[in-house]
Engineer: 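Below: one structure in structure tokens.
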Amino acid sequence: MDSGVQAPADGVSTAGGFTAYTIVSGRLSSPGCIIFVCCSSVAKISVGFLRSWRLTKYSSSWFLEAGGGKKMIQDGGTKATPAGAATSPSHGKDSSERNTMMLPACAGVLTAHSPGKDSSCERSLTNLDAKAKHSSCDWEGGCQHDSFTFLRIFLQLTDDYSRSWESDDGGSRVSFLPSLKAPSACDDYELPAGKHQCMDGNLAQQGGVRPNDDESCDDLCHKAGLEVPSVSRRISFPNLNKDALMEIFSRLDHDDLLRTATASRFFRNIIILPDFRHHYRATHKGTMLGFFVKLKARDLEKYPYVGCDGLSAPLSQASSSVSDLWTSENTRPNSHWPYFELLDSRDGKLLLFAGNSRREQDMFVFYPHARYSRSPKAIFKLSSHVDLSIYINKGQFPLNLFFIRSLNLGLTFCLATIELPEIGDTRKITSRMSHILCRGPGEGSQLFLVAVSGRNICMYTYSKPSMSWEKKSNWLAPGCSKDKAVKVIGTSESEDLILVKTSTQDVVSIKMETGLAKLVGSCESDEVLVYEQECPAISQML
Amino acid sequence: MEVDKGKGEAEETRKVAEADRDTVTLKSSDGKLFEVSKEAAARLSTVLAGMIAGGSIDDNGTDLKQIGSEALENVVDYCNKHANSIPSAALISSSISFNTAPFKEPEEWERKFVDRLSHDALFDLVEAANFLGMERLLDVTCHKISEMMKGKSPDQIREVFNIKNDYTKEELEEIRQELAWAFYDD
């Protein structure tokens, strides 16, 4: 690549679902299926094949796309989505900040594909142009090239990837998998996500396409030198293909899934397939194992990992393994890049802004693996009535709040709803979730989850009575005690958690939906990145 | 040119005639014919819906070589009995993507439908549902099998699928050490 960014080793991929690769050798072995050897930079050579590819010309550049690239082009008409824009919008304000940070890196990625800098690339493009006589070709178009070399490609993975940077394992596989371990052969032959996999006689039935009537995907894999486990042939009784087995397995919970993997190597191979993991992740939420703390220090010391307290043994072990992977000599980010920033954490992956120097940084997804379990519950007291003051436009307005509903969702959980009074010009508050700590009548204080929409305000209590209050701009704050303040320092999207730091540096996670809270650890920082394992049961097997 | 035109018209006529019929005939791998209402087939199976829309349904029985007669009978039974209570397969597939579709619990009649099936018939039905793109039936049958697997030890899971342990002794020992809790039958 021209970006000057050192290529990541196994365990990382460039962010945004985009990966720049140079094909150094390619062969169109059957319609729509390419076996190729590609080189991500000086250090990394990969072998794989692509199905459902498309060759497209943008301006003077040719791009090979796979997965959801075709759709994106049709919809957007642009050749790439900036990685910053790919960050989930649910991060709110943070995402815009991230966009600002990411755009230069993305520009670097795109620059790497600009034609004209590589004479070999130009030669190849000329050949292609002469043979194809099309600016775009795909399956249906029937455009076929016998061979090509030195074609610069721009892979855009599945649709999910273009929307969210973290998805990097369920789509097209070119062996740049985000695994700290070397990818298995089973990983390597995998095709883009979806139902139309490399399966036994199941493609045409699903409306998918098959590379060749006479040549199965398995054959292609063998040609590419990849080991392909036999599919349903090993199953003696129910001759289910991988599609059906994946459907069945995806309905299992983590424990049963893990047991299923231990029943048969063939089952295990299916379960660790990126496609299955992608599907499973979409239907099963991950679990928070810990968090990365953002400190004003240098590099690794800047982002220490704190495992959650009170995890069960397997989960605790999983959390420890994340810690080990984060700090050990061979797997820590510094072994790949001297400089890095930790931008985000999601689905067991970390978004890094990293490079050989501070001036040559790009975004990468770093993917440590861990395991899964549940965490203990905590018990809290609640009061039935609180007196609140609300600060709007710097004015303080008292409110009397009575809880009108009490729910028992494992823990007692109360809900109160009120309508804000008309206050001067301020008649409407945009929808917002916030958290307050306020004093109830008599004993202690309580932490509240507050949802404000228009003039309606809903409050959910879930806090320890021993906590005190904090005043913060645009928070509801009935009082203030700086030495006993709490702050929201992080969020966990898939588990719908917020992390709150107390004055004693304890970190408490609070489930948004139910109000369940638990002590998860401690840290001094005001910002942490929650580490959730995307699919711990599967990751445990990798 | 004229001949081509004539053929085209004949084809068009055949398609129109097919479209007028209320049922479609499906032929199993062993040659048995089954009739299913066109509406039900189109509503429940994306594959059949596509074939009907494309006019590729054969009057003499559309060949479904991958589906045996017992499985096809169950499929037809499912379609004919319950089509009206199920939303269109096309609607389901268009509104919910494969990767994000939440699993819907089977309804009572669907539970009964799969409960009465033998082990073999259940697995065959999964295959058939998968083949025909019958999302709901696939959902129901896979749910049933996953329930059969829940809480089972690896040995019991092998029994469900009638498969042999293909791990080597060394691999198994390694797995047992690493994932001891998974072998709670020991």
Engineer: Between A/Glu247 and B/Val126, is a side chain to side chain contact (heavy atoms under 4.5 Å, CB included) present by the stated rule, with each step listed?
Structural biologist: CA-CA 9 Å; A/Glu247 281 292 332; B/Val126 172; over 6 Å; no
Engineer: Please examine the side chains of B/Met149 and A/Ile248, heavy atoms only from C-beta on, and report whether any two atoms are closer than 4.5 Å.
Structural biologist: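 Yes; the side chains approach each other to less than 4.5 Å.
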Engineer: Just by modelled atom types, is the A/Ser264 backbone N or O under 3.5 Å from a matching donor or acceptor in the B/Asp166 side chain?
Structural biologist: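 Flag not set: sc B/Asp166 to bb A/Ser264 has no pair under 3.5 Å.
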Engineer: Nearest 0.5 Å, please: how far is CG in A/Leu252 from CD1 in B/Ile157?
Structural biologist: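 Rounded to the nearest 0.5 Å, the CD1-CG separation comes out at 7.5 Å.
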Engineer: Quick check: do B/Ile163 and A/Phe266 have side-chain heavy atoms less than 4.5 Å from each other?
Structural biologist: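 Side-chain contact under 4.5 Å: no.
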Engineer: For A/Thr262 versus B/Pro154, what's the shortest heavy-atom pair and its separation?
Structural biologist: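 Heavy atoms only, the tightest pair is OG1-CG, 3.0 Å.
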Engineer: Sort B/Glu147 into side chain, backbone, both or neither according to what part of it lies under 4.5 angstrom from a heavy atom of chain A.
Structural biologist: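 Contact with chain A is absent: no heavy atom of B/Glu147 under 4.5 Å.
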Engineer: Any donor-acceptor pair under 3.5 Å linking the side chain of A/Asp256 with the backbone of B/Lys150?
Structural biologist: no
Engineer: Ignoring hydrogens and geometry, is there a side-chain-to-backbone donor-acceptor pair from A/Arg251 to B/Cys142 under 3.5 Å?
Structural biologist: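 No, A/Arg251 side chain to B/Cys142 backbone: no donor-acceptor pair under 3.5 Å.
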Engineer: Report yes if the side chains of A/Arg265 and B/Thr168 come closer than 4.5 Å at any heavy-atom pair, otherwise no.
Structural biologist: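 Heavy-atom side-chain distance check passes, below 4.5 Å.
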Engineer: Looking at A/Ala244 and B/Asn130, what are the two nearest heavy atoms and their distance?
Structural biologist: N-ND2, 4.0 Å
